[in-house]
Amino acid sequence: MQAFLKTGKISSADKPSSSGVKSVKKKPPAPWVEKYRPKTIDDIVDQTEVVQVLRECLAGGDLPHLLFYGPPGTGKTSAILAAARQLFGDITRDRVLELNASDERGIQVIRDKVKSFSQLTVSSTRPDGRPCPPYKLVILDEADSMTTAAQAALRRTMEKETRTTRFCLICNYVSRIIPPITSRCSKFRFKPLARENVIKRLRDVCEAEGVDVGDGEILHEAVDTCEGDLRRALTALQCCQRLIGKITSDGLIEVTGLVPQKLTDEYLGIKNYSELEIFVENFLMEAYSASQLLEQLSATVVNAGHLTNKQKCVISEKVAVCSYRLLDGGAEVMQLTDLGCTIIMANNDP
Amino acid sequence: MSLWVDKHRPRDLMKLDYHKDQALRLKNLVQQSDFPHLLVYGPSGAGKKTRIMCLLRELYGSGAERLRQETMHFTTPSNKKIEIMTVSSNYHIEVNPTDVGIHDRVVIMDLVKNVAQTHQIDSSGQREFKVVILNEVDDLTKDAQHALRRTMEKYVTTCRLILIANSISRVIPAIRSRCLTIRVPAPTETEIASVLHAVCKKEGLSLPSELAMRIAKCADRNLRRALLMCESCKVQQYPFTPDQKVPEPDWQIYIRDTASLALSEQSPKKLGEVRQKLYELIIHGIPPDIIFAGLLKELVRNCDMAMKCQVANHAAQFEHRMRLGNKPIFHLEAFVAKFMAIYKKFVEESLGDAF
Ligand SMILES: Nc1ncnc2c1ncn2[C@@H]1O[C@H](COP(=O)(O)OP(=O)(O)OP(=O)(O)O)[C@@H](O)[C@H]1O
Ligand SMILES: [Mg+2]
């Protein structure tokens with residue numbers, strides 16, 4: 001084995017046994033996102049529908065199969081983990097099976113591991129006699145990355161073992177889940193979080209961390225940069241604080257990887273090819289992201305006062321094509337040049 | 001004897017030659033151990049790796065510089081044995097998961113979990129976590145990127161990832177949302193020139209400013225390339241003269257020749273010759289997307305705007321298809337053929353107009 005991996009393997013054998021006094025284990029420092037991950041479902045910001053349903057389950061109601069979907073950082077994983085902890089408390093380990101994209105989740109695993117886990121029947125009392133829900137929970141996080149074959153294999157198990165097991169699937173894109181599964185679940189869309197709520201949450205965290213945010217105006221900018229993704233907002237704030245020592249709007253743009261508005265406007269105003277070549281080269285050398293540019297460009301184009309509707313149509317359509325190709329792996333320089341040509345043609349033909 | 005690029009690589013964050021503000025900020029960042037995972041991106045030769053090694057030194061002291069190379073073995077779910085080279089110190093490990101192609105997910109899964117489940121023995125209590133450096137994350141398969149998501153959250157207290165990419169366009173949003181993104185722009189020509197001066201001074205050589213500037217211009221804002229060029233200038237001729245020849249990379253000249261071939265005549269016969277040249281470039285390991293970009297740049301030179309637009313459109317389309325397929329030559333050739341057709345039509349039409 002690797003020497004690197006050998007150092008200090010955690011093993012229960014070499015725990016100090018002689019000393020009677022056990023020092024309180026200090027928690028190693030974690031980034032704010034983990035430090036402030038909701039512990040109970042009441043800490044979840046927004047997403048009222050889901051929280052309502054989960055709350056009813058906690059009060060003794062039945063839990064349906066769940067399907068959570070929505071963009072990153074909106075609380076999907078946090079919600080189900082908090083609920084599971086509240087439902088099962090200290091027996092969470094026995095009752096919950098969490099599988100995510102980093103675990104092997106091929107057909108074979110679904111057939112063997114998941115199936116045998118779901119088949120076990122469980123009682124409705126804990127070892128110490130207190131009541132608990134009479135079922136187990138299988139969490140399939142990041143289910144977008146499961147193959148359709150594996151999903152198909154899951155379908156039978158879900159149907160047959162409803163008596164003993166509930167499933168919770170989580171994904172970013174609901175279209176990646178096969179219909180027979182979506183139709184068996186209660187679906188919940190996690191919306192990008194509402195501004196006021198994000199701001200409130202950020203303010204609370206900043207207060208707890210002793211970060212000065214003045215009158216809170218800067219928090220509005222923080223929210224603008226993150227498009228309803230609370231994780232991104234928290235990370236941005238923390239990094240800005242640690243990197244620069246205070247929260248500033250330039251700092252926020254830098255740590256979130258946004259393209260300065262000036263560049264977006266410049267790109268949109270390009271009039272000839274040699275300008276375009278220079279722009280694209282510099283843009284990429286400065287390491288800005290083409291996909292980010294397209295995202296911001298699309299918003300700018302729609303609201304631009306100086307463009308005619310025809311120009312907006314032509315440019316927007318090309319933005320869509322290029323953005324798709326980029327996601328598919330197309331080279332940034334090619335896509336930006338192609339789109340740039342369309343912009344030039346549109347600019348010269350109002 | 002080591003190359004200048006390695007010999008004069010700065011080892012301390014505060015000694016980095018450019019983006020000094022950023023270096024200072026990074027230093028602030030790692031003062032406390034609660035920073036998130038990092039995603040460092042920038043064009044090649046911008047100095048990402050140097051910056052990261054300095055950061056590691058800042059974190060762990062000089063122990064992070066005692067490196068060893070090892071080969072690790074993994075088994076895929078289908079029982080295929082794969083192996084991969086790693087570079088590691090007591091505090092960090094670095095891999096290039098794309099080396100194993102579509103099996104990158106297995107490497108990432110096993111490696112990160114392994115590291116995360118071991119903890120730092122260091123009794124002086126330096127840092128509670130180890131670092132895993134993953135190179136070329138923008139080329140990871142989507143599967144591998146997904147595999148990182150929850151892992152990144154679960155093990156964040158014991159293992160920090162430093163992800164390196166050329167661009168973040170191909171990194172999935174879910175990963176971007178989990179990292180602090182650090183942009184490393186390529187150095188400007190002036191910055192490159194001043195690094196060249198500094199290095200030559202350390203070597204005890206005198207470098208004329210004109211020559212430094214010319215090398216910087218030729219290097220496409222790639223510092224590594226500039227240093228290599230400067231060193232080979234030295235080998236060719238020393239003392240330096242301001243107007244001495246700066247060796248240009250062969251492949252750039254070669255791509256230019258290929259383009260002029262396509263411009264000289266548009267016929268199946270010429271296309272055959274172009275294909276030979278394209279094969280030659282691919283065989284010599286020039287990445288196909290660079291060939292595409294080079295060809296586009298040369299080919300549109302004599303076109304009017306409407307035609308430039310058409311050609312760029314096709315280039316973008318064929319390059320995209322190339323990513324989806326697996327034989328770059330088909331798509332490169334298709335592009336050249338398309339260009340010839342457009343160009344020939346244009347020439348014939350304008351000749352027609354003349355009469
Ligand atoms: N609705 C929310 N309420 C409170 N905190 C939230 C909420 N959404 C996100 N967060 C914060 O963001 C972090 C990440 O959230 P979470 O892991 O639930 O995202 P996710 O929806 O699972 O994203 P992904 O799709 O990327 O897996 C949490 O640790 C928490 O700090
Ligand atoms: Mg999640």
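Letters A, B, ... mirror the listed sequences (proteins, then strands); counts begin at 1. Small disclaimer: the values here were computed from a predicted structure and weren't measured.
For a residue to count as touching a neighbouring chain, one of its non-hydrogen atoms must lie under 4.5 Å from one of that chain's; by this rule A/E286 touches chain B with backbone and side chain alike. For B/R25, the parts sitting under 4.5 Å from any heavy atom of chain A are the backbone and the side chain alike. Residue B/I108 does not touch chain A at all, counting heavy-atom pairs closer than 4.5 Å. Only the side chain of A/L81 comes within contact range of chain B, judged by heavy atoms closer than 4.5 Å. Heavy-atom distances place no part of B/V30 under 4.5 Å from chain A, backbone and side chain included. Only the side chain of B/K142 comes within contact range of chain A, judged by heavy atoms closer than 4.5 Å. Residue contact with chain B, scored on non-hydrogen atoms closer than 4.5 Å, involves the side chain of A/D144 exclusively. Using a 4.5 Å cut-off between heavy atoms, A/K35 does not touch chain B at all. Only the side chain of B/R160 comes within contact range of chain A, judged by heavy atoms closer than 4.5 Å. In this structure, chain A has heavy atoms under 4.5 Å from both the backbone and the side chain of B/N313. Only the side chain of A/M345 comes within contact range of chain B, judged by heavy atoms closer than 4.5 Å. In this structure, chain A has heavy atoms under 4.5 Å from both the backbone and the side chain of B/E153. For a residue to count as touching a neighbouring chain, one of its non-hydrogen atoms must lie under 4.5 Å from one of that chain's; by this rule B/Q32 touches chain A with the side chain only. At a 4.5 Å heavy-atom cutoff, the contact between A/L284 and chain B is made by backbone atoms alone. In this structure, chain A has heavy atoms under 4.5 Å from both the backbone and the side chain of B/P36. Residue contact with chain A, scored on non-hydrogen atoms closer than 4.5 Å, involves the backbone and the side chain of B/A306 alike. Of the atoms belonging to B/R170, it is side-chain heavy atoms, and not backbone ones, that fall under 4.5 Å from chain A. Heavy-atom distances place the backbone of A/T256, and not its side chain, under 4.5 Å from chain B.
The CZ atom of B/F35 sits 10.0 Å away from the CD atom of A/Q238 when rounded to the nearest 0.5 Å. Expressed to the nearest 0.5 Å, how far NE2 of B/H146 lies from CD of A/E142 amounts to 8.0 Å. Expressed to the nearest 0.5 Å, how far CE of B/M307 lies from OH of A/Y273 amounts to 11.0 Å. Distance CG/A/D338 to CD/B/Q310: 11.5 Å, rounded to 0.5 Å. With rounding to the nearest 0.5 Å, the separation of OG in A/S274 from NZ in B/K308 is 7.5 Å. Between atom CD of residue B/Q22 and atom CG of residue A/L243 there is a gap of 8.5 Å, rounded to the nearest 0.5 Å.
B/D220 approaches A/M285 most closely through the heavy-atom pair O-CE, 3.1 Å. Between A/A30 and B/T157, the shortest heavy-atom distance links the atoms CB-CG2, 3.7 Å.
Of the residues considered (A/I244, A/L336, A/L294), A/I244 shows the highest number of contacts with chain B, using heavy-atom pairs under 4.5 Å. When B/A144, B/G42, B/S167 are compared by the number of non-hydrogen pairs under 4.5 Å with chain A, B/S167 comes out ahead. When each of A/V333, A/T342, A/D229 is scored by its heavy-atom pairs under 4.5 Å with chain B, the top score falls to A/D229. Of the listed residues (B/Q317, B/R178, B/Q31), the greatest number of heavy-atom pairs within a distance under 4.5 Å of chain A belongs to B/R178. Contact count versus chain B (heavy atoms, under 4.5 Å) is highest, among A/G330, A/G329, A/S289, for A/G329. Between chain B and the residues A/L339, A/D141, A/N172, the most heavy-atom pairs under 4.5 angstrom are made by A/N172. With chain B as partner, the option from A/E34, A/E281, A/R232 having the largest number of non-hydrogen pairs under 4.5 angstrom is A/E34. When each of A/D328, A/L326, A/T337, A/T235 is checked for heavy-atom pairs under 4.5 Å with chain B, A/D328 comes out on top.
Side-chain contact between B/H320 and A/Y324 is present, with heavy atoms from C-beta onward closer than 4.5 Å. B/K154 is listed as a side-chain neighbour of A/N100, based on a closest heavy-atom distance under 4.5 Å. Residues B/R149 and A/P72 fail the side-chain proximity criterion, which asks for heavy atoms closer than 4.5 Å. Side-chain contact check for B/M322 versus A/M334: every heavy-atom pair is 4.5 Å or farther apart. Side-chain contact check for B/M305 versus A/N272: every heavy-atom pair is 4.5 Å or farther apart.
Enclosure of atom CG in A/N348 by more than 12 non-hydrogen atoms of other residues, nucleotides or ligands within 6.0 angstrom is indicated. Residue B/K297 places its NZ atom among 12 or fewer non-hydrogen atoms of other residues, nucleotides or ligands, all under 6.0 Å distant. Heavy-atom contacts from other residues, nucleotides or ligands closer than 6.0 Å to CD of A/E209 number more than 12. The environment of B/K113 atom NZ is dense: over 12 non-hydrogen atoms of other residues, nucleotides or ligands sit within 6.0 angstrom.
B/R150 has a carboxylate O that lies under 4.0 Å from a charged side-chain N of A/E98, or vice versa, which qualifies the two as a salt bridge. The residues A/E254 and B/R183 are annotated as salt-bridged, a charged nitrogen and a carboxylate oxygen being separated by less than 4.0 angstrom. With salt bridges taken as basic N to acidic carboxylate O contacts below 4.0 Å, one links B/D34 and A/R242.
For the side chain to side chain contact (heavy atoms under 4.5 Å, CB included) test with A/C239, the passing option among B/T181, B/I182, B/L180 is B/L180; the others fail.
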Item to check | Full working for side chain to side chain contact (heavy atoms under 4.5 Å, CB included) between A/R325 and B/R321 | outcome: CA-CA 9 Å; A/R325 291 194 198 133; B/R321 282 193 198 153; over 6 Å; no
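For the residue pair B/S177/A/R231, the side-chain donor-acceptor check at 3.5 Å is satisfied.
In this structure, the side chain of B/S169 engages the main chain of A/S291 through a donor-acceptor pair within 3.5 Å.
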